[in-house]
There are 2 protein chains.
Amino acid sequence: MNRLLSNVSIQVNDAIYLKNPESSDLGKRIITGSIDMIDELGFEHFTFRKLGKKIGSSEASIYRYFESKHKLLVYLTSWYWGWMEYRLVFRLSNIDSAKERLLRAITLLTEQIEEDQSFSHINEAKLNRIVIAESAKAYLTKEVDQDNQEGFFGVFKQIVERVSLIILEINPAYKYPHMLISTMIEGAHHQRYFAAHLPKLTDIVKGEDSVTRFYKELAIKAIEPQS
Amino acid sequence: MNRLLSNVSIQVNDAIYLKNPESSDLGKRIITGSIDMIDELGFEHFTFRKLGKKIGSSEASIYRYFESKHKLLVYLTSWYWGWMEYRLVFRLSNIDSAKERLLRAITLLTEQIEEDQSFSHINEAKLNRIVIAESAKAYLTKEVDQDNQEGFFGVFKQIVERVSLIILEINPAYKYPHMLISTMIEGAHHQRYFAAHLPKLTDIVKGEDSVTRFYKELAIKAIEPQS
DNA sequence: CAATATTGATAGTATCGCTACTATATTTGT
DNA sequence: ACAAATATAGTAGCGATACTATCAATATTG
């Protein structure tokens with residue numbers, strides 16, 4: 001999917017950054033560079049000092065945009081979910097059937113992201129890999145409650161809520177829509193990671209996107225009224 | 001569940017440690033102390049120096065047992081899965097019905113662990129909390145392929161394989177048994193974490209164990225032959 | 001009781017996460 | 001036009017972390 005509207009930009013909760021990285025050239029280089037570097041080195045080996053060197057700036061300058069590397073990771077995942085929500089709304093608009101909307105949502109949320117450069121300075125395919133491999137580290141911390149209170153995970157919760165509402169359209173009696181959707185989104189990420197690194201934990205059928213197919217089947221069967 | 005056999009101890013892949021912590025008093029204090037400390041501070045804030053102080057030993061001595069804090073985390077999760085497999089085998093023995101065995105396995109793998117002190121120096125309830133909040137950090141690293149090659153995740157893969165085989169007994173045509181089980185195990189952990197910290201991502205029905213119930217329903221519906 | 005393994009104390013290296021301070025560029029008011 | 005105000009970038013450094021090396025003290029064992 002290419003960029004839908006050229007004059008749209010993804011808004012990120014402004015409590016996540018000290019200075020908006022979209023507001024300057026250096027800011028954009030920080031985002032582009034950090035995506036490249038986290039994808040390449042992993043979050044643990046990634047540091048602001050290395051990033052500064054790479055993008056021809058300094059550690060202290062990066063700290064003017066983000067107060068910690070944790071916040072930068074939160075920013076990246078938050079941007080990603082903002083972008084996903086934007087794509088989700090487009091893909092579901094004008095589709096009458098709730099079931100069709102659900103299937104489209106599952107496809108969007110579980111499929112692999114291709115290189116398509118829809119936002120100039122952000123490589124969405126790399127960012128997808130980062131979200132798969134690193135985003136759990138953004139909330140699996142002792143600071144999760146504070147971060148949550150500041151609204152850092154709001155966009156993600158919104159997506160889960162949106163898709164849950166579609167499920168309730170299909171079966172208003174279904175008791176676990178949020179569990180199903182959050183299980184599916186996080187599960188799909190894990191399955192892609194397992195396919196690459198721990199294949200014994202998955203079932204890869206070549207020539208098909210098993211991950212998306214598996215979760216579509218799972219969801220449809222789960223929400224169909226008890227027989 | 002109390003300890004099943006007093007003369008049984010859980011074996012952990014010996015490539016994970018430098019010196020077996022079960023082999024000495026200091027080793028056991030390292031395990032007990034690290035479980036307390038990681039549960040309390042989280043893996044990021046946990047250091048060998050702090051642990052040494054807490055258990056009345058030194059940083060250098062701890063390094064004689066584990067070459068890094070990453071390896072210690074791998075040890076703890078590996079012990080946990082070894083313990084789970086042992087309980088799993090007991091709980092499923094002498095049960096003829098495959099469906100009943102599957103339901104028991106799901107209960108075991110998704111339920112909350114109570115304080116029961118079945119192995120003297122290991123608090124399984126705390127360890128369960130650590131596995132929920134920290135175990136993803138044991139494999140979401142750039143070193144995952146090396147670690148996997150050394151067999152660090154073997155026990156976990158074995159559990160997934162065991163339960164997958166039960167699914168295939170029920171429906172030999174089901175295409176995604178491993179995906180279903182690994183999604184379920186990791187998913188249940190996430191749901192418990194979400195219930196505590198990001199409740200908008202789950203559906204808590206008070207008075208019931210929604211997590212276990214949700215995954216039981218999900219699995220049974222998923223593997224039932226296509227109608 | 002001698003040989004050996006285990007532990008502890010101390011100090012050291014390299015890097016990390018982060019900050020105080022300084023220098024330079026840009027904008028603004030008169 | 002030009003100095004003052006402001007925004008932005010870079011240098012240097014601090015305390016902590018992850019881990020290692022050395023050596024003496026103390027158990028353990030054969």
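Values below: all heavy atoms of this structure, side chains included; hydrogens, waters and symmetry mates excluded. Residue numbering restarts at 1 for every chain, and letters A, B, ... go by the order of the sequence lines.
- In this structure, of dG8(C), dC16(C), dT17(D), it is dT17(D) that holds the atom nearest to the side chain of Thr47(B).
- Note on Gly27(B): nothing from the nucleic acid sits closer than 4.0 angstrom, heavy atoms only.
- Nearest nucleotide to the Ser68(B) side chain, out of dC16(C), dC19(D), dG13(D): dC19(D).
- The distance between atom CG of Leu51(B) and atom P of dA18(D), rounded to the nearest whole Å, is 12 Å.
- Between Phe43(B) atom CZ and dA18(D) atom C1' there is a gap of 11 Å when expressed in whole angstrom units.
- Counting non-hydrogen atoms of other residues, nucleotides and ligands closer than 6.0 Å to CZ of Arg29(A) gives a total above 12.
- For dG10(D), the OP1/OP2 oxygens have a side-chain nitrogen or oxygen of Ser57(A) closer than 4.0 Å.
- Separating the CZ atom of Phe46(B) from the P atom of dA16(D) is a distance of 18 Å, rounded to the nearest angstrom.
- A donor-acceptor contact under 3.5 Å is not formed by the side chain of Arg49(A) with the base of dG10(D).
- Considering only the side chain of Ser61(A), dA9(D) comes nearest among dA9(D), dC18(C), dA18(D).
- Side-chain nitrogen and oxygen atoms of Ser24(B) include at least one within less than 4.0 Å of the OP1 or OP2 phosphate oxygen of dT7(C).
- Within a 6.0 Å sphere centred on NZ of Lys200(B), other residues, nucleotides and ligands contribute 12 heavy atoms or fewer.
- Heavy-atom neighbours of Lys50(B) NZ from other residues, nucleotides or ligands within 6.0 Å: above the threshold of 12.
- A sub-4.0 Å separation between OP1 or OP2 of dA9(D) and a side-chain N or O of Tyr65(A) is present.
- For Ala60(B), the listed nucleotide lying nearest its side chain is dT10(C); candidates were dC19(D), dT11(D), dT10(C).
- Lys69(A) has no side-chain polar atom (N or O) that falls below the 4.0 Å cut-off from OP1 or OP2 of dC16(C).
- With rounding to whole Å, Phe48(B) atom CZ is found 18 Å from dA9(C) atom P.
- The interatomic distance linking Lys53(A) (NZ) with dA9(D) (C1') rounds to 17 Å, in whole Å.
- Arg29(B) places its CZ atom 9 Å from the P atom of dT7(C), with the value rounded to the nearest Å.
- Considering only the side chain of Arg64(B), dT22(D) comes nearest among dT22(D), dA21(D), dT11(D).
- Distance NE2 (His45(A)) to P (dC19(D)): 10 Å, rounded to an integer number of Å.
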Pair Glu161(A)-His178(A), side chain to side chain donor-acceptor pair (under 3.5 Å): steps then yes or no: CA-CA 7 Å; Glu161(A) 182 59 26; His178(A) 300 86; 2.7 Å; yes
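- Protein atom CD of Glu59(A) is 13 Å distant from nucleotide atom P of dT15(C), rounded to whole Å.
- Side-chain atoms of Tyr80(A) and Ser135(A) form no donor-acceptor pair, as typed in the model, at a separation below 3.5 Å.
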